[in-house]
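Encoded as structure tokens, the structure appears first; notes follow it.
To find a chain, count down the sequence lines: A is the first, B the second, and so on, and within it residues start at 1. These numbers come from the heavy atoms of this one structure, side chains and all, not from hydrogens, waters or symmetry mates.
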There are 2 protein chains.
Amino acid sequence: MKTRDKILLSSLELFNERGERNITTNHIAAHLAISPGNLYYHFRNKSDIIYEIFQEYEKLVDYYLDIPEDRPMTLEDMTFYLESVFDGLWSYRFFHRDLEYLLDSDPRLRQDYREFTNRCLAAINRIFGKLADAGIIQPQPEDLRSAMSLNVWLVITNWMAFLKTAHAAEEPASLSLTELKQGIYQVLTLEVPYLTPEYRERVLALREKYRPTLPEAQGISGVEA
Amino acid sequence: MKTRDKILLSSLELFNERGERNITTNHIAAHLAISPGNLYYHFRNKSDIIYEIFQEYEKLVDYYLDIPEDRPMTLEDMTFYLESVFDGLWSYRFFHRDLEYLLDSDPRLRQDYREFTNRCLAAINRIFGKLADAGIIQPQPEDLRSAMSLNVWLVITNWMAFLKTAHAAEEPASLSLTELKQGIYQVLTLEVPYLTPEYRERVLALREKYRPTLPEAQGISGVEA
DNA sequence: GACTGCCTAGAGTATATACTCTAATAATAC
DNA sequence: GTATTATTAGAGTATATACTCTAGGCAGTC
């Protein structure tokens with residue numbers, strides 16, 4: 001593999017594990033056993049590395065959320081979207097952690113991320129529309145649907161941060177993809193009241209599969225009333 | 001005012017405005033026109049300042065979310081809770097911005113924040129219970145109610161971060177309390193499908209008051225389908 | 001072999017950051 | 001007043017961080 005690609009890969013790995021704030025360019029170079037000079041030969045600065053990683057993230061999610069318009073949506077489609085989005089979130093999890101700082105330090109990133117968010121919101125909105133067309137959820141006025149889409153986005157993008165805070169210190173890398181996928185349970189919770197009688201049971205059963213396990217150990221559920 | 005209190009106040013102000021990551025202890029001292037030595041006479045380190053500010057935040061929110069058990073809940077109560085929580089979020093907005101880093105660098109904070117989250121979730125859960133008792137929303141099984149409470153928490157704690165990313169660069173301090181309160185619209189959106197016929201119109205009217213204005217300017221709503 | 005263009009090492013730098021140390025000043029107690 | 005304590009100034013330090021600069025290796029080409 002080319003050094004340039006190795007830099008991107010290692011950066012992502014280190015950022016995900018320890019947070020962008022805790023990883024310096026010297027760390028990245030040391031991890032690859034190359035010189036800082038070498039790293040800076042391939043990238044002008046740290047921001048450029050991050051920006052390039054973001055573009056990969058963007059591409060991945062855009063690919064996942066490319067919704068076919070030629071056929072009705074199925075429950076399997078919906079599951080695929082949810083699984084994919086959480087996969088993407090996981091693979092680039094450093095990004096949402098320091099989002100505000102990153103956007104503040106790179107105008108390109110801010111602009112691109114804004115557009116990315118809008119595309120994601122539009123996709124979620126379209127999914128809701130197609131779920132209604134397919135008779136899985138009841139159709140809703142555009143107003144409500146937009147607000148619901150935004151809530152879905154808020155839940156998705158905040159779920160990982162929440163999990164991290166819910167964990168006691170423990171080992172640093174204690175968060176797992178499995179736990180992350182429990183966010184799907186939370187997203188499906190948003191759909192529950194809108195399910196049509198025909199699909200209600202099936203979706204509820206699907207939702208059960210993602211139910212958080214060991215709630216009391218993490219204190220993330222089982223809230224005493 | 002005592003120097004110690006001035007340090008806390010200025011720190012909060014600077015953190016909120018420019019983010020904890022961008023504010024050093026030297027900045028704080030300079031802003032107060034005191035020496036770094038003076039600052040470190042009052043606080044052992046930066047973490048201690050942050051921890052103390054968090055404790056104020058905690059106290060404030062706990063105070064707001066102290067739910068009276070001796071009478072049924074009203075819509076006015078609910079409005080008060082929502083307004084208060086978003087006020088608190090605003091006053092200590094730096095905190096959620098760098099949450100993960102802050103928790104990683106201070107075990108006390110991590111522990112306290114976990115408990116704080118659990119108290120908030122419990123309060124939200126209790127509010128849902130009392131809203132059902134009051135006939136404002138339909139009663140729900142405990143399972144669903146917990147998941148809904150968690151979603152409310154996720155929406156609330158992520159709303160500000162979302163707004164910040166939705167903004168174009170512009171002036172740094174471009175986010176306003178008014179915009180922040182539009183998060184209430186999002187929270188009420190979560191309640192919509194559960195409203196009882198008797199209260200439906202009143203709550204929908206209340207929700208309208210918080211509807212985001214100028215959606216197209218910020219691209220945070222009006223998602224094209 | 002010499003030229004060229006890409007790649008790499010590694011020492012080095014300017015700046016920043018959290019924090020320390022000493023000495024002096026102000027406040028309070030007696 | 002004097003002793004004691006609390007507060008403050010301000011220079012200073014060790015470390016880190018993002019990034020630069022120079023010199024050189026190495027592959028291919030003629």
Residue whose nearest DNA chain D nucleotide is more 5′ - A/R21 or A/R44: A/R21
For A/E13, salt bridge (charged side-chain N to carboxylate O under 4.0 Å, His left out) partners two or more places apart: none
Identify each donor-acceptor pair in which a side-chain atom of residues 61-69 of chain B lies under 3.5 Å from a protein atom, sequence neighbours left out, and give them as a table.
from: B/D62; atom 1: OD1; to: B/R119; atom 2: NE; distance (Å): 3.1
from: B/D62; atom 1: OD2; to: B/R119; atom 2: NE; distance (Å): 3.2
from: B/D62; atom 1: OD2; to: B/R119; atom 2: NH2; distance (Å): 2.8

For B/D48, salt bridge (charged side-chain N to carboxylate O under 4.0 Å, His left out) partners two or more places apart: B/R44, B/R108
D/dT20 OP1/OP2 closer than 4.0 Å to side-chain N/O of A/Y40: no
Ring pair (Phe, Tyr, Trp, His ring centres under 6.0 Å) partner of A/Y57, the single match among A/Y113, A/Y92, A/F94: A/Y92
All salt bridge (charged side-chain N to carboxylate O under 4.0 Å, His left out) counterparts of B/K181, not counting sequence neighbours: B/E83, B/D87
A/H27 side-chain proximity, nearest of D/dA18, D/dT17, C/dA18: D/dT17
Salt bridge present between B/D104 and B/R110 (N-O < 4.0 angstrom): yes
Exercise: do A/T165 and B/R114 side chains pair donor with acceptor under 3.5 Å: no
Listed pairs, N/O of protein and of nucleotides 6-16 of chain C, under 3.5 Å:
from: C/dC7; atom 1: OP2; to: A/Y41; atom 2: OH; distance (Å): 3.4
from: C/dT8; atom 1: OP1; to: A/T3; atom 2: OG1; distance (Å): 2.8
from: C/dT8; atom 1: OP2; to: A/T3; atom 2: OG1; distance (Å): 2.9
from: C/dT8; atom 1: OP2; to: A/N38; atom 2: OD1; distance (Å): 3.3
from: C/dT8; atom 1: OP2; to: A/H42; atom 2: NE2; distance (Å): 2.9
from: C/dT8; atom 1: O5'; to: A/N38; atom 2: ND2; distance (Å): 3.1
from: C/dA9; atom 1: OP2; to: A/S35; atom 2: N; distance (Å): 2.9
from: C/dA9; atom 1: OP2; to: A/S35; atom 2: OG; distance (Å): 3.4
from: C/dA9; atom 1: OP2; to: A/N38; atom 2: ND2; distance (Å): 3.0
from: C/dA9; atom 1: N7; to: A/S35; atom 2: OG; distance (Å): 3.0
from: C/dG10; atom 1: O6; to: A/G37; atom 2: N; distance (Å): 3.4

Presence of A/T25 side-chain N/O under 4.0 Å of D/dC19 phosphate oxygens OP1/OP2: no
A/N16 side-chain N/O to A/S91 backbone N/O, donor-acceptor pair under 3.5 Å: yes
Find every protein N or O atom lying less than 3.5 Å from an N or O atom of nucleotides 23-25 of chain D, and list the pairs.
none

